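Note sheet for the following structure.
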Amino acid sequence: MTAPAGLVLGVDAGGTKTDAALADANTGELIASVRVGPGNHERVGWAGSADALRLALDTVCSAAGATVGVVTAGAWGLAGLDWPADAERYREIIDSFELAGPQLVVNDAFLALEQAPPGAAIAVVAGTGMVAVARDATGRTARTLGVGAGHGEWGSGGDVVRAAAEGVAGAHLGFGPPTDLTAAALAASGATDASDYCRLVWREHRPALTPADVWDVAAGGDAMAASIAARAADSYAAAAASLVRRLHLEPTPTVLLTGRVLDPGHDLLHTAIEAAFAARLPGTTVRRLGVAPVLAAVRAASRIAAQRGGSPGIRHRSC
């Protein structure tokens, strides 16, 4: 493959994986995309994060038959970028790559706003963590902390599977109702019974379940799983409502939902989310983003490149 003379780079680094993609800066055609290991410093440390980002960059350039010298603009959406010191450290890492052109460095949640229409926008992201971000019509932004359930942000993938494991334990010990989550947990983990499953969770830290497993059980009518969906939905709505108040977003703009907990399209969860938003922010429209965050990062990089002289946006093709 012969790489185009100019490329734009998008990177989405989280607690479970790091995605990188390159597009032609002139035509917008997607040239290559790759996935490597986690890049969130909170999971792998700063050295591990630097290694993952470097690997993602080198791997996607290799896949495109390009060198870093032809990257004319980049956008890096980075989980764990929560305070100014985080931004400074991430910027040092990215500067060490000696890329040509401007590089946008933001918390990964802000990538979702690239897919929103111009003006006010809100996005809720739930994956390894949970965070909400917003922008008003003037471009002013706000966000929740994104540091976990202890600070009011419940609904990450870890929160969901921990709640499911607690439900299984409660049913097993008799202080909670029976739940079909038990059968799902045994199937996912290979445990011999509920007691063995509890051992796997609390001794080996292997809940085995995924959020999708929990939503599937909820869709089958299980009250415990449905209550977890309702709790997560209310937390997402509460986070968005806090940003509406802080930025005075009236009327409330459409809320974009993304992250592995939200974006795959679980109808029961989405219905619960719509109900929670109707209660906290009546009249609000919520919709799944439906676009990989790394492509939103490429879109941001294309926008930056366009501001410097022209880039038409992204056209997708297989790579």
Side-chain angles (χ1 to χ4, degrees), residues 12 14-15 77-83 106-160 163 211 214-215 218 226-293 296 300:
D12 171 49
L78 305 168
L81 197 166
D82 297 319
W83 281 281
V106 295
N107 181 277
D108 57 334
F110 282 100
L111 295 180
L113 297 182
E114 293 291 333
Q115 299 299 120
I122 300 175
V124 176
V125 183
T128 302
M130 194 281 272
V131 65
V133 297
R135 176 185 70 216
D136 71 9
T138 70
R140 191 166 56 111
T141 62
R143 55 167 289 183
T144 60
L145 287 176
V147 293
H151 291 76
E153 296 163 301
W154 197 93
S156 69
D159 293 334
V160 170
V214 179
W215 311 145
S227 73
I228 295 171
R231 181 182 179 186
D234 185 65
S235 182
Y236 306 146
S242 74
L243 299 180
V244 168
R245 291 190 295 271
R246 287 163 60 189
L247 290 179
H248 307 290
L249 300 178
E250 299 291 347
T252 306
T254 295
V255 177
L256 301 176
L257 308 173
T258 189
R260 65 186 176 91
V261 178
L262 295 171
D263 203 35
H266 304 283
D267 291 341
L268 180 139
L269 176 63
H270 195 76
T271 298
I273 290 170
E274 288 179 330
F277 273 86
R280 289 187 177 269
L281 293 169
T284 302
T285 299
V286 294
R287 66 176 177 86
R288 293 187 289 268
L289 184 64
V291 172

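For clarity, every value in this text was computed on a predicted model and none was experimentally measured. One-based numbering along the sequence shown.
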inquiry  = Taking the side chain as everything from C-beta on, heavy atoms only, tell me whether Leu281 gets closer than 4.5 Å to Val244.
reply    = yes

task = Considering only NZ, NE, NH1 and NH2 on the basic side and carboxylate oxygens on the acidic side, decide whether Asp234 and Arg280 come within less than 4.0 Å.
result = yes

message = Could you report the tightest heavy-atom contact between Pro253 and Thr284, atom names first, then the distance?
response = O-CG2, 4.0 Å

query = Between the main-chain N or O of Leu262 and the side-chain N or O of Arg260, is there a donor-acceptor pair closer than 3.5 Å?
reply = no

request  = Taking the side chain as every heavy atom from C-beta outward, state whether Thr252 and Phe277 have any atom pair closer than 4.5 Å.
outcome  = no

remark   = Residues Leu249 and Ala120: closest non-hydrogen pair is CD2-CB, 4.1 Å

query = What closest approach, in Å, do Ala276 and Ala233 show between heavy atoms, and which atom pair accounts for it?
reply = CB-O, 3.5 Å

Flag, side chain of Thr144 to backbone of Ala132, donor-acceptor distance under 3.5 Å = yes

query = Which pair of heavy atoms, one from Leu268 and one from Ala218, lies closest together, and at what distance?
reply = CD1-O, 3.3 Å

ask   = Side chains of Thr285 and Val255: closer than 4.5 Å at any heavy-atom pair?
value = no

query = Under 4.5 Å between any side-chain heavy atoms of Asp108 and Leu78, yes or no?
reply = no

query = Should Val125 and Thr258 be marked as a side chain to side chain contact (heavy atoms under 4.5 Å, CB included) after you check the CA-CA gap, both sets of side-chain angles, and the distance that decides it?
reply = CA-CA 5 Å; Val125 183; Thr258 189; 3.5 Å; yes

request  = Would you sort out whether Arg287 and Leu256 count as a side chain to side chain contact (heavy atoms under 4.5 Å, CB included), showing the intermediate values?
outcome  = CA-CA 5 Å; Arg287 66 176 177 86; Leu256 301 176; 3.3 Å; yes

message = For Leu81, is there any backbone N or O sitting under 3.5 Å from a side-chain donor or acceptor partner on Asn107?
response = yes

ask   = With no hydrogens and no angle check, is any side-chain donor or acceptor of Ser235 less than 3.5 Å from a backbone partner on Trp154?
value = yes

note = Smallest heavy-atom separation, Ala109 atom then Val131 atom, equals CB-CG1, 3.4 Å

Between CZ on residue Arg140 and CZ on residue Arg246, distance to nearest 0.5 Å = 9.5 Å

query = Do Tyr236 and Ile273 have side-chain heavy atoms sitting under 4.5 Å apart?
reply = yes

query = Would His270 and Leu257 satisfy side chain to side chain contact (heavy atoms under 4.5 Å, CB included), going step by step from the backbone distance to the final call?
reply = CA-CA 9 Å; His270 195 76; Leu257 308 173; 3.9 Å; yes

query = Would you find a donor on one side and an acceptor on the other, under 3.5 Å apart, between the side chain of Glu153 and the backbone of Ala239?
reply = no

ask   = Below 4.5 Å, heavy atoms only, C-beta onward: do Glu274 and Val286 meet side chain to side chain?
value = yes

request  = For Arg135 and Gly119, indicate whether the former's side chain and the latter's backbone hold a donor-acceptor pair under 3.5 Å.
outcome  = yes

message = Could you report the tightest heavy-atom contact between Ala240 and Ile122, atom names first, then the distance?
response = CB-CG2, 4.2 Å

